[in-house]
2 protein chains.
Amino acid sequence: MSPSRPFAPLVDRLKQAGLRPTRQRLALAKLLFEPGFRHVTAEQLHAEAAGANMRVSLATVYNTLHQFTRQGLLREVVVDPGRSYFDTNAGEHHHFFFEETGELQDVDGAEVELARLPNAPAGTKLGRVDVVIRLLPQK
Amino acid sequence: MSPSRPFAPLVDRLKQAGLRPTRQRLALAKLLFEPGFRHVTAEQLHAEAAGANMRVSLATVYNTLHQFTRQGLLREVVVDPGRSYFDTNAGEHHHFFFEETGELQDVDGAEVELARLPNAPAGTKLGRVDVVIRLLPQK
DNA sequence: GTGATTGCAAATCTTTTGCACTAAA
DNA sequence: TTTAGTGCAAAAGATTTGCAATCAC
């Protein structure tokens with residue numbers, strides 16, 4: 001890898017998405033994209049940034065998460081009333097949701113086969129199809 | 001008492017669910033279950049009750065929706081960050097979600113075929129599988 | 001410089017809670 | 001009675017907004 005410019009790939013990624021590579025966006029992108037796929041809430045990410053001595057306000061975390069989502073860098077996952085998760089895996093996939101712990105886990109798109117879907121109603125077109133597999137603790 | 005009493009079936013339904021048929025629960029049950037399948041938020045239901053001159057506090061609406069859900073009379077649907085919908089169709093089915101309007105529509109369980117699902121991870125067992133088909137306005 | 005971005009605090013929105021009051025059994 | 005249920009107002013979260021200060025280009 002190129003240790004001299006650790007932010008370089010992230011800079012490009014942001015630029016390609018049409019977002020200015022500001023200090024805050026780069027810091028958050030680093031936390032989000034470098035560790036591999038993950039699911040975070042705004043609060044979590046904000047706490048992480050603080051823990052890593054990156055000064056970013058919570059408002060900016062929200063702004064950034066939404067901008068990244070709008071540009072396709074992230075995907076918003078809604079499974080828990082009153083809390084949004086953001087998924088750094090923006091590809092085709094689904095989710096396990098552990099009801100007990102509130103945790104999310106990716107399920108590769110290939111592991112779920114939707115053999116039949118209804119047609120989109122008149123005036124609409126099909127968007128994403130989200131499959132959430134809810135898991136209960138085994139008794 | 002006479003079988004023509006309009007609340008009688010609802011009274012039984014509540015009793016069977018182990019819930020006291022109070023004035024408020026009956027009023028809400030009437031709004032929820034008599035018009036056929038529907039999707040409501042707590043605020044909506046509260047407004048409806050007020051409009052029909054049924055005096056029910058918002059806290060009671062929330063309590064009641066959750067009690068009904070716990071007893072299997074309703075199903076909570078989470079698709080919109082920061083708002084919960086309650087679905088009076090508690091049977092096996094999925095949802096269309098109109099992104100533009102925030103509306104939900106039932107999709108009969110038979111119209112979606114999940115031909116393949118991953119196994120539940122160790123220590124867990126499969127719960128419900130929710131399929132949300134997101135719809136965009138046709139451009 | 002100029003417009004985009006950020007931080008802060010206040011505001012908003014949904015949902016929950018504590019507790020005294022009321023009503024069903 | 002006795003206990004579950006209700007209403008109210010306050011509290012708790014999560015998220016958003018307004019606006020002056022700051023930064024990227």
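Each chain gets a letter, A, B and so on, in the order its sequence line appears, and its residues count up from 1.
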Rounded distance (Å) that lies between atom [atom2] of [N] and atom [atom1] of [X]:
| X | N | atom1 | atom2 | answer |
| --- | --- | --- | --- | --- |
| L58(B) | dA10(D) | CG | P | 15 Å |
| E76(B) | dT14(C) | CD | C1' | 12 Å |
| D80(B) | dA14(D) | CG | C1' | 14 Å |
| R55(B) | dT22(C) | CZ | P | 13 Å |
| Q44(A) | dG13(D) | CD | C1' | 15 Å |
| Q67(A) | dT5(C) | CD | C1' | 8 Å |
| L26(A) | dT6(C) | CG | P | 10 Å |
| R70(A) | dT16(D) | CZ | P | 11 Å |

Given [options], which nucleotide is nearest the side-chain atoms of [X]?
| X | options | result |
| --- | --- | --- |
| R20(A) | dT6(C), dA25(C), dT5(C) | dT5(C) |
| T22(A) | dA14(D), dA24(D), dG7(D) | dA24(D) |
| A59(B) | dT17(C), dT16(C), dA25(C) | dT17(C) |
| R25(B) | dT6(D), dC25(D), dT15(D) | dT6(D) |
| E43(A) | dT6(C), dA14(D), dT15(C) | dA14(D) |
| Y62(A) | dT15(C), dA14(D), dT6(D) | dA14(D) |
| R83(A) | dG7(D), dA14(D), dT15(C) | dA14(D) |
| R23(A) | dT15(C), dG7(D), dG7(C) | dG7(C) |

Practice prompt. Using a heavy-atom cut-off of under 4.0 Å over every strand shown, decide if T41(A) touches base, sugar-phosphate, or nothing.
Written response: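 Touches nothing.
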For [N], does OP1 or OP2 lie under 4.0 Å from any side-chain N or O of [X]?
| X | N | value |
| --- | --- | --- |
| T60(A) | dT6(C) | no |
| H46(B) | dT14(C) | no |
| Q24(B) | dA23(C) | no |
| H66(A) | dT15(D) | no |

Worksheet item: On DNA chain C, nearest-nucleotide positions of F86(B) versus T64(A): which is more 5'?
Response: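 Going by which nucleotide is closer to the 5' end, it is T64(A).
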Item to complete: Assign each of A42(B) and K15(B) to its nearest nucleotide of DNA chain C by heavy atoms, then name whichever residue's nucleotide is nearer the 5' end.
Response: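 The residue closer to the strand's 5' end, by nearest nucleotide, is A42(B).
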Item to complete: Indicate, with yes or no, if V56(A) and F33(A) share a hydrophobic cluster defined by side-chain heavy-atom contacts under 4.5 Å among Ile, Leu, Val, Met, Phe, Trp and Tyr.
Response: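 F33(A) clusters together with V56(A).
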Item to complete: For ring-ring contact (aromatic ring centres under 6.0 Å, His included), just list the numbers for H39(A) and F97(A), CA-CA rounded to whole Å, side-chain angles, deciding distance to a tenth of an Å, and then say yes or no.
Response: CA-CA 11 Å; H39(A) 304 91; F97(A) 179 60; over 10 Å; no
Discussion item. On DNA chain D, compare the nucleotides closest to G18(B) and P81(B); which residue's is nearer the 5' end?
Written reply: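 Here G18(B) is the residue nearer the 5' end.
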Worksheet entry | Salt-bridge criterion met for K15(B) and D12(B) (N-O under 4.0 Å) |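 Looking at K15(B) and D12(B), the cut-off is not met.
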Discussion item. Pairing donors with acceptors under 3.5 angstrom, does anything connect the side chains of D130(B) and H94(B)?
Written reply: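 Looking only at side-chain atoms, H94(B) and D130(B) do not form any donor-acceptor pair under 3.5 Å.
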Practice prompt. Go through the steps for E48(B) and R38(B) under the test salt bridge (charged side-chain N to carboxylate O under 4.0 Å, His left out), then give the verdict.
Written response: CA-CA 13 Å; E48(B) 245 178 73; R38(B) 42 183 324 209; 2.8 Å; yes
Discussion item. As a quick check of understanding, evaluate side chain to side chain donor-acceptor pair (under 3.5 Å) for Q24(A) and R55(A), giving each step before the final call.
Written reply: CA-CA 8 Å; Q24(A) 291 86 340; R55(A) 286 160 295 100; over 6 Å; no
